[in-house]
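Below you'll find the structure, written out as C-alpha cells, and then a few comments.
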Protein chains: 2
Amino acid sequence: MKKYVYLFTEGDGKNKKLLGGKGAGLCEMIQIGLPVPPGFVITTEACLEYYERNKTLPEGLKEQVMEAIKKLEEETGKKFGGKPPLLVSVRSGAAISMPGMMDTILNLGLNDETVKALAEATQNERFAYDAYRRFISLFSKIAMGVDDELFSNALEKMKKSRGYRYDTDLTAEDLKKLCEEFKAITEREKGGFPADPYTQLFTAVKAVFESWNGKRCVDYRKEFKITPDMANGTAANVQTMVFGNMGNDSATGVAFTRDPATGENVFYGEYLVNAQGEDVVAGIRTPKPIGELKEEMPVVYQQLLGVREKLEKHFKEVQDLEFTIEKGKLYMLQTRNGKMNAAARVKTAVDFVKEGLITKEEALLRVNPSELDHLMHRRVDPKYTGKPIAVGIPASPGAASGSVIFDADEAERRGRLGWKIILLREETKPEDIHGFFAAQGILTSKGGKTSHAAVVARGMGKPCVTGCEEIKIDSRARVATVGNIKISEGDIITIDGTSGRVWLGEIPKIEPEISEEFKTLLSWADEIRKLGVRANANTPKEAALALSFGAEGIGLCRTERMFNETNRLPIVQEMILADTYEERKKCLDKLLPFQKQDFIEIFKVMKEKPVTIRLLDPPLHEFLPSQEELMIEIERVKNFRKIVEAMHELPETIKLMDPKLHMYLEPVEKVSSELMKLGEQRVDEELLRLKENVLRKVKNLAEVNPMLGHRGVRVGITYPEIYEMQIRAILEAVAELLKQGEKVNAEIMVPQVCTAQELKWVHDILNRVHREVEAKYGIKVPYKFGTMIEVVRACMRAGKLSEYAEFFSFGTNDLTQATFSFSREDAENKFLPLYNEKKILQDNPFEILDVKGVGRLMMITIEWGRKTRPDLKVGICGEHGGEPRSIEFCHAIGVDYVSCSPYRIPIARIAAAQATVKEKMGILKKEP
Amino acid sequence: MKKYVYLFTEGDGKNKKLLGGKGAGLCEMIQIGLPVPPGFVITTEACLEYYERNKTLPEGLKEQVMEAIKKLEEETGKKFGGKPPLLVSVRSGAAISMPGMMDTILNLGLNDETVKALAEATQNERFAYDAYRRFISLFSKIAMGVDDELFSNALEKMKKSRGYRYDTDLTAEDLKKLCEEFKAITEREKGGFPADPYTQLFTAVKAVFESWNGKRCVDYRKEFKITPDMANGTAANVQTMVFGNMGNDSATGVAFTRDPATGENVFYGEYLVNAQGEDVVAGIRTPKPIGELKEEMPVVYQQLLGVREKLEKHFKEVQDLEFTIEKGKLYMLQTRNGKMNAAARVKTAVDFVKEGLITKEEALLRVNPSELDHLMHRRVDPKYTGKPIAVGIPASPGAASGSVIFDADEAERRGRLGWKIILLREETKPEDIHGFFAAQGILTSKGGKTSHAAVVARGMGKPCVTGCEEIKIDSRARVATVGNIKISEGDIITIDGTSGRVWLGEIPKIEPEISEEFKTLLSWADEIRKLGVRANANTPKEAALALSFGAEGIGLCRTERMFNETNRLPIVQEMILADTYEERKKCLDKLLPFQKQDFIEIFKVMKEKPVTIRLLDPPLHEFLPSQEELMIEIERVKNFRKIVEAMHELPETIKLMDPKLHMYLEPVEKVSSELMKLGEQRVDEELLRLKENVLRKVKNLAEVNPMLGHRGVRVGITYPEIYEMQIRAILEAVAELLKQGEKVNAEIMVPQVCTAQELKWVHDILNRVHREVEAKYGIKVPYKFGTMIEVVRACMRAGKLSEYAEFFSFGTNDLTQATFSFSREDAENKFLPLYNEKKILQDNPFEILDVKGVGRLMMITIEWGRKTRPDLKVGICGEHGGEPRSIEFCHAIGVDYVSCSPYRIPIARIAAAQATVKEKMGILKKEP
C-alpha cells in the first residue's frame, strides 16, 4: 500500500513537493534535533488521489493516520479523545505557499468529554472552555462552512448582556454557556457538530484538500503561472498542540534569524507572555522585543539562540520562525526562508559567504536584480503613508520635490536663483533640454515610457513621471488642476518616478545606499559573468557616472543630444531650414568643432574603453518647433492685424444686418480707418514671414507615421553632408587624442539600417573622410564600423550586413515596435494595459524583452550574422539591456555585451553573473 | 590552336554566347538554306582573350581570319584588295544586344586601287566613289576616332561651293575630290588612312572589341544587371557586301513576319528601290509597303515569302528581318525575334500554338504579364503626343476625362445630372466614398500608392493619380493651379492612372480589348497553374466583376468598406462616439442587418467559392472627420459670435489706443450691444456642443503612428461587441442561405494578429456566437477560421497561431511596412525615390515583393505554420498578389493562392501558369 502519512521524524525534509513547504520544514527541524511538537504530514499525493477518487480519501489513508495518531499518543503519553486529551492542529501546506488555502484549525480533538479532561489536566477550566469555544467556531466555519458571523454575534451578545468589554472578561461559566450556544448554531446550520475526534480529524483533512481547488487558490496559480511541476496538491500537517497561554512561564513568538530590514546579524523578533498566536493578531497587548526574553526566560532564550544558529547553518538562509513556550519548554512550530528587502538580501548574502555558509555563486542567485534598482535612487520614505494626488507612469526612478514650473525657460531662470524645480508639462520636446538640466524631476501629463521626457530623464538619472493624465495643465494661465486641487506655479510637489506617484508638498525621502556588501557582491559578479556591461551615455558627465558604476564602455552615445544644446540648436535648425547644399554645409561647418569637442571629452573620460557613437537618428522635424506652437506664435503676431481687419469689414456687416444700425455707419468707418493706420505699424512683417517659412518647412517634414519615417540612415543618405560632418568630428577627435598620447577606442554605428547598400553607402563616405583625416594628421586613425539592428529587415539580411559591419547592436526599443507593429506611445496609452490585464500579453514587451517574437528574431540574426563573420561582436542597447530577465536571455543566445543607462549598470552586472551561474547549473532557458 | 573564326556555314546558330546574337542568326539562316552573303564570325572568346592579352589580338587569330577571307574569295570569285574587289561589312554583336557597341562599318576593303576596280566591275564610277568616301569617313570615325564633324563640314562646304542641295547631286568627280579631302583629314588627325585591306580589317575588329568596354556599354550592363553568364564579350561579324543601290533591280528593306502592332498573320514591312539602309534613315525618300514588292519584283517577293515562312518555322517566333536585293537577287542580312506590344504578343503566341509551332507552355512564357495590365484598361492613345501639365504617382491604371470637381458632395450632385467628373482633392477620406462612385477618375495632390484614394480607386477599377504635388489646390476658392495654369471647377482634364500623367482638356483614348486569343491563353494558364487566384472584393458588384475575370474565390473582403456607405457611416460614428457599452451595442444592433445583407449578397454571387471576410481592420478614428475639418466647422459656427464679441471689446481697445478715437466711443458701444443681441440668436449652441464633443473624441483617438496603432484585432479586443456583431452577421448570412438551399463557403479572418492569445480571444467569441446561431436556425453552420499575417511577430509565432488558424493570409502591404520600418505614405513621398535612384533598393518594395526580407519571413512563417498544421492553407492578399514577379515567388515557396484586385486577375492567372512552367523546366528561383 502507498505511504500517505509521514511522521515528522521520518519525512524527507528536502521533498517539498511531496510534503509541502511547511511539512518539510517541520520534518527537517525535528531531524536536526530541534524541539518540535510531534506530528505527521499527509502527503500532496493523497490530495491528488482524493480528487482522482472523486473526492473520497484514498484507501488505507485512514488506517495510516490512525497509526500515526497512535505514535503521537505513545510519544506524548496523551490520548486522542481520551485523558489526558491529545489535541492537534491541522494545517494545509503546498510546495509553494499560496493564499486561499485552508487556515489553521487548532485544538482539534476537543469535545464535551475531552474538554473536561483538559480542564482537569491543566487545572484551568476557563482555559479549557476558551479553547473549546474557539475550536467549535473555527472548525464549524472552516471545515463545515458555517457563517462566521453567527458565532461572533453570539459572542458579542453575551459580552453585551454581561457588560464586558474584552473577550478576556468572560468567565469559565460564560464560556461553557457559549460552547453550548455555538454547538446549537452548528446543529441548526449544518446538522450537528461532530464529537468524535477522528471524524473531526478526517473532516479537517478533507477541508484542507478541498481548499486546493478553491477559487482564490486556483486564480492565484493561474495569475502567477504556478504549474503542476512546481506545486501539485497540498499536504495536510497534523501536529500536537502546545500552549503559550498556560501562565507566565508560557509564551508565543515570531523571529527572524537576522534583521530583515537591514540584514544585520542580530536576532530579531517579538513575543508575548501567556498568549496564543491569535492574541498577537488581536492587538490588545503589545508584543515585546525578543531581546527581553533574555531577562525574562534566560534558559529558553539561550535555547532559542541555539536554534537560530542551527537553523541558519542547516538551511543556509535567513529563517523566519514561529515558536511557543509551554510551561518553560520551547517548541518550534514553523520555519521558512525569511522575506527581506533588497538591502538586507544583499547584506545577508554577502555575510553568508564570509561566514562560509554559501558560495559566491549562491550569494549572487539570492539577489533579485530588479529590486536593486531601489537601492540606486533616493526614494520616498516607505514609512510615509500620505495619499498621492495622482498616479502616472513610472518613467525614470527616484523621488524628488520642488516647485512646479510650467516651462523650460522659467525653470532655467529660477534654477539659477537656487530654486528646486519640478518641470511640469503636457509633454516635452528637444528644445526643453535646458529645463531638464535645471529641474530636480520631470512630470508630464502625456506620453509613456519612451516619450521624450522619459528617455531624456532616464539618461540624466532624474526622476520622471509621465502620462499622468489626471493632471490638467493650462500652461498659459500657469496653473494645473487635479480634480478639485489647484496647483499654481511655484507650489511644491513631490514625484516618485519609481512608482509613478505624485504628492502635494514636500514628502520625506531616504537616500540611496551603495553598501560595502553591495560593492563586494558586484565584484564577485564581475569575476563570474561573461556578458560585457556598457552604458548608454551621451555626455562626459554621464560617461564618468557610468564608469563609477562599473561600465566597461559606452554601448550607445547618441549624437543628436549634442544637437539639442542651447548653443547649437539654432544652428541645427538653420541647417534644416536651408534649401541648398551650400547653406547646409555652412551650418554643418559651424557644428563640426562642437561635435569634435564633445567626442574628445567623452573619449578622454573613457580612455581605452570602447565608445560606440551612433550617427544622427531622429527625423529632422524633431529639432523644429511643433506645428501647433508655430501656429500659435503666428496667430499672436497676426492677432492685432486681424482685429483691425475685422473692424474694417464692420461697416459692410452693419449694412447687411439691421437698418436701424445704419446711423452708426459713419463713425464706425472712421474708427476702423484710424485703427487700420495704427495696425499696420504694429505687425512685424519680417518676423511673420520668418515664422511662416518655418511653419511651411515643418509641414513639409511632417509625417503620418514618424516612427517609420524619414530618419536614421535615411536622413544620412538624403543629406550625406550631415553624416560626413559627424564622421569627420569623430575621426578628428580620435586623431587629436592619439597625437596627445591618449588612448581611444571609437566605434561608429549607423542607425535604422534595412539593407546592406545603406551600410555600404555610409562606409564609402567613411573611407573617404578617413583617408582625408589620416592625411591631415599624418597618423593611423583606428576605428570600428557597425550597425544598429532595429529594423526587422536588417535581421533578415544579417548575413549580408555583417559583410560590412564589424559589430551589431540590437536597438530593441524600435525592434520591438516593428515586430509587434505597436507604436509604443500609442500602445501604452491605448490598448497595452488591457492586453496585460487580460493576459493576452504576459508582460509589457517594451519593459521585458519578448523572447518569443523579438528574441527569436535576435537568435536568427546572430546566427546568420556570425555565419558570415564568426567574430562579429553583438550588443544590445535598447532599454532591455538593463532588465534582468532580458539580460539572462541575451547571455543565453550569445550576445557579447549589454548597454544600459548608468544607473542600471550594477543591476546588469548582477543579472549577467546570475546568467553565468544558471548556465553552469544547467538551469538557463535558451529556447524562447 | 583554339578556333576563333567560324564561317557562317559552320557556326552553331544556337550558341549565341560564343557567336553573339547577330552572328548566330546569320549562321542559322545560311544553314537552313536562306540566301545570306557569305561571311564569318570572330568569337566572343577572341574578344575576352584580347582583353586578357592586354589588348592584343589572340595568337593565331589573324591567320584564321586570312584563311576565312580566302574562303570568301573562293566562294564569291572576288579578291580582297584585288579585282573584282571583295568588300565586307564589319559589325559587333554580343549575346544580348546592347546600345553603345560599335556600329556597322561598310565597304571595308576599298582603297585608291580597289575603288577603281569597283567602278570597273559595276560600270558605275559615281557609285564606287560614293562608297569610298562613305567608307573613309565611317572607318576614320569609328575605328580611328576622328571627329565626324570634320567630314560633314567638308561635305557641306563642297555642296555649298557647287550650289547643290542634296548629297545625290554630287557627281563622280565631286566624290573623287571628296575622297582625297577625307583622306587628308584623317592623315592630319591620326596620321594616315590605312590602304591595306587587312590592316583595315584588323583595325575594325579591334574597334569592335574595344566598344565592349566603352562607357555607355558598361553602364548599360550595370543598369540592366547583365552579368557575364548572360553575355561576356562581343563577337565581330565579317560579311561580304551586297548593294541595294545598284539600279532599279536592286532594293533594301526591313520586315516583320507578322504585324507587330496587331499580331495578325500578315507579312509586314517596307522597302526602297535602288537604295542603301542609310537612305531609309536619311528620310529623303518614302519607303513603300512590302506588299508593293509583289508587283514590282514578283519573283523576289515570292522568294521573300518563302524566307518568311522558313524563318518562323525555324525560329518559332515572329522575326524582325533585314534584306537587300542586288540586281534581282535576294540577300538576307539579319534576323532576330520581333519586338511587339502586349496584344500582338498574346495573339501571335496563341496563333503559333494553333499552327503547331510551339506548345501552350511556350506560349505562356512568351507573354510579359506586367504588360497585360495595359490591355485591361482604357488608355490614352499612344499616338497622342500632347504634353501633360503634371505627372503624379500612377495609382490605379486606366485613363479618364471629366470636369474637375473639388468635393464629393458636389461630385455626387453633378454626377446625377450626367456630368463626367474627375474628383480633385489634396487627399481623400472614407466619407468621400460617394464622390468616388460619381467620378470617372480621381486625382490627388498628396499620398502615394496606398493612400486612401489609391486603394479605393483600385478596388473600384477607376483610374487614379495620386501625389501630384505640382497641383496646388484651393478647395475653398474652388480652383487649382499648376505653375501658371489655372484650373477652375468644371474645367475638363484627362488623367492617365497607368503613367501618372495629367492633361488639360479631353485627350483621345483607346478602349481595352480582351481578345479571343487572350481568353484562350488564359484558359491554358488555368489548365497549367497550381496557384489559386482569388480576388480582393468588397461588394457584390466587385465580386461579380472578379468572377468574370476568372476569380476562384474572394481572398479578401474588407468589412470596413461596408461601414463607410452613406446610410451607415452616421451609425458607425455614433457607435464610436458612444461612451458606454450599451450605447455602442444599440448602434451595432442597427448595423447588424446591413452587414448581414452585404454578406448574403456577396455569398450569393460567389456560391460555393470561398469568401474570406476580414473583420474590422482600420483604427476607429478613420471613420471620423479629421481634426482639421472639425476645427474649421467649429470655427464657422463660432465665427459670427467671435466678430460680435470682438466688437464688444472694441470700446476698451479704443480707449487704450488713441485719445482722438474716444469721440467715437459712444456710437461704437451702441453698435456692439445691438450686434450682441443679434449674435446670440444666430449661434447654434447645440450644434456647437455636438461638434466640440466629436472633436474631443477625435483628439482622444488621435495617434502618433496610426499604422502601428489601435486597429485590427486590438480594436476587436477592446470593443468585443464590434467583432461579435460582425461574426453574427456572417454566420447568420450563411445560415439563411443554407436554409434556402444555396451553397456558401465562408472564411472568417482576423487582422493585425501578433499573438496566439488574440486569436484565441476572437475564437472564443466566435464559438459562442456560432452556438447561438446554430441554435437559432436549427442547422449546422460551417465556416473556416484564419488570420492575416501582416505583423512580424505573427511570423515568428506561426507555429503557435496555426493551432487556431486553419488558414494564413499574408497582408504583404503592412508586412512590408513593418519589415522595412517604412511608412509607405511617408517613404514614397520622401526618401524612397532617392533610394531607387541610387540603387540602394532595386525596386519599390510596395510594388514588387521584397523576397530577401519580406519573402524570407514568409518562408519561415509557412515552414513553422505547416509544422503544426500540415494542411494549413496559405494565401496572400497584399497588392503583391497581383504582381507577376511576386506571384512567381509565392508559387515557389508553397503559397496556395494569391488574391488581387479584380482587374489584375488575368495577369495573376498567367503569372501563376508561368511559374508552374518554369518549375517544370527547372528555372524557377526559390531562394531569396
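Residue numbers begin at 1 in each chain, while the letters A, B, ... track the order of the sequences.
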Open item on the list: Please classify the contact between B:Val753 and chain A as side chain, backbone, both or neither, with a heavy-atom cut-off of under 4.5 Å.
Closed with: neither
TODO: Please flag which part of B:Ala702 lies under 4.5 Å from any non-hydrogen atom of chain A: side chain, backbone, both or neither.
DONE: backbone
Task: B:Tyr835 and A:Gln757: CA distance, side-chain angles, deciding distance, side chain to side chain donor-acceptor pair (under 3.5 Å) verdict - done: CA-CA 10 Å; B:Tyr835 264 46; A:Gln757 286 303 312; over 6 Å; no
Open item on the list: Applying ring pair (Phe, Tyr, Trp, His ring centres under 6.0 Å), can you list everything that pairs with A:His710, at least two apart in sequence or on another chain?
Closed with: B:Phe831
Open item on the list: For A:Glu825 and B:Glu703: C-alpha separation, side-chain torsions, deciding distance, then whether side-chain contact (heavy atoms from CB on, under 4.5 Å) applies.
Closed with: CA-CA 8 Å; A:Glu825 286 162 277; B:Glu703 291 176 312; over 6 Å; no
Open item on the list: Which one wins on heavy-atom pair count under 4.5 Å against chain B: A:Val704, A:Leu701, A:Leu834?
Closed with: A:Val704
Task: Residue part contacting chain A, namely of B:Asp814, when any heavy atom lies under 4.5 Å - done: neither
Open item on the list: Please find the pair of heavy atoms, one from A:Val791 and one from B:Thr819, that lie closest to each other, and give the distance.
Closed with: CG1-O, 3.2 Å
Open item on the list: Please check if the number of heavy atoms outside A:Lys800 that lie under 6.0 Å from its NZ is greater than 12.
Closed with: no
TODO: Of all the heavy-atom pairs spanning B:Asn705 and A:Met707, show the shortest one and how long it is.
DONE: OD1-N, 2.8 Å
- [ ] Select one option (side chain, backbone, both, neither) describing which atoms of B:Ala827 are under 4.5 Å from chain A's heavy atoms.
- [x] neither
Open item on the list: I need the B:Glu469 CD to A:Asn700 CG distance, nearest 0.5 Å.
Closed with: 8.0 Å
Task: For B:Asp826, all residues meeting salt bridge (Lys or Arg N to Asp or Glu O under 4.0 Å), sequence neighbours excluded - done: none
TODO: Side chain from CB out, backbone as N, CA, C, O: work out which of these in B:Lys839 comes under 4.5 Å of a heavy atom of chain A, or both, or neither.
DONE: backbone
Task: Crowding at NZ, A:Lys446 (>12 non-hydrogen neighbours, <6.0 Å) - done: no
Open item on the list: With chain A as the partner, which of B:Thr755, B:Asp850, B:Leu841 has the greatest number of non-hydrogen pairs under 4.5 Å?
Closed with: B:Asp850
Task: Pairwise side-chain contact, A:Met796 with B:Ile860, heavy-atom cut-off 4.5 Å (strictly under) - done: yes
Open item on the list: Quick check: do A:Arg793 and B:Phe822 have side-chain heavy atoms less than 4.5 Å from each other?
Closed with: no
Task: Euclidean distance, B:Lys760 NZ relative to A:Ile840 CD1, rounded to 0.5 Å - done: 9.5 Å
Task: Minimum side-chain heavy-atom gap B:Trp864-A:Arg856 below 4.5 Å - done: yes
Task: Atom group of B:Ile717 that falls short of 4.5 Å from chain A, counting heavy atoms - done: both
- [ ] Enter the distance from B:Arg714:CZ to A:Ser821:OG here, rounded to the nearest 0.5 Å.
- [x] 6.0 Å
